[in-house]
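Written out below as structure tokens is the structure these notes cover.
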Amino acid sequence: MKYLSEFVYGGIDGAITTLAVIAGAIGASLSASVILILGFANLFADGFSMAASNYLSTRSNNELAATHNHPHPDLKSPLSTAIATFLSFVVLGFIPLAPFLLVPFLGLHTYTFVFSAVLTAVAFLTVGFIKGHITNKNKWRSAFQVLLIGGIAAAIAFYVGYAINQWFGV
């Protein structure tokens with residue numbers, strides 16, 4: 001898979017940062033509407049930022065290879081890597097937000113964050129498993145590694161949001 005690194009990096013970061021925004025907002029006892037605003041703002045702004053950074057990085061690598069006359073038959077298109085990163089970021093980053101759009105219609109407001117965390121955990125495990133499969137590494141180790149990283153990031157964000165809410169009464 002030519003764009004595996006963009007899929008893995010963009011997807012994992014999209015899910016982690018969106019879940020972290022949500023977890024921090026939950027820790028701070030913010031409303032669902034604020035969570036949706038912060039979540040979608042993060043989803044598109046951070047997705048664009050990552051795509052633009054990936055574009056510039058890929059372009060720089062290609063220019064460096066050309067400057068040193070290193071034949072690189074597998075050079076990637078900067079635009080293609082940027083698009084792959086953005087799409088992966090947005091698609092996987094949407095997963096933590098989905099319950100906040102859907103659960104209110106089901107009348108299960110109390111469990112919205114739980115649904116968000118569970119769906120995101122499944123996404124982490126899936127991306128990690130796919131990464132392990134493609135790279136011929138231990139699939140389950142790769143899956144749980146991604147889950148652990150995402151879980152730690154969400155826990156940090158939750159406790160930071162909680163602490164700020166407690167200290168400053170936001």
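- Among the candidates Asn54, Ile83, Leu87, the single residue satisfying the side-chain contact (heavy atoms from CB on, under 4.5 Å) test with Glu6 is Asn54.
- For the atom pair Leu30 CG and Leu36 CG, the distance stands at 12.0 Å (nearest 0.5 Å).
- To the nearest 0.5 angstrom, Leu19 atom CG is 12.0 Å from Leu92 atom CG.
- Taking the side chain to side chain contact (heavy atoms under 4.5 Å, CB included) definition, one finds that Ile26 meets it with Ile22, Ile35, Phe100, Phe113, Phe158, sequence neighbours left out.
- Under the 3.5 Å distance criterion, with hydrogens and angles disregarded, no donor-acceptor pair is assigned to the side chains of Asn138 and Ser142.
- Scanning both residues, Pro96 and Ala15, for their nearest heavy atoms gives CG-O, 3.8 Å.
- Taking all atoms of both residues into account, the shortest heavy-atom contact from Thr58 to Lys76 is CG2-O, 3.5 Å.
- Heavy atoms only, all atoms of each residue included: Ala82 and Tyr55 are closest at CB-CB, 3.8 Å.
- Every residue meeting the side chain to side chain donor-acceptor pair (under 3.5 Å) condition with Ser33, not counting sequence neighbours, appears here in chain and number order: Ser31.
- The two atoms that bring Gly150 and Ile16 nearest to each other are CA-CG1, 3.7 Å, heavy atoms only.
- Summarising the geometry of Tyr3 relative to Ser80, their closest heavy-atom pair is OH-CB, 3.1 Å, with the distance given to 0.1 Å.
- The line from CZ of Phe7 to CD1 of Ile12 is 8.0 Å long, rounded to the nearest 0.5 Å.
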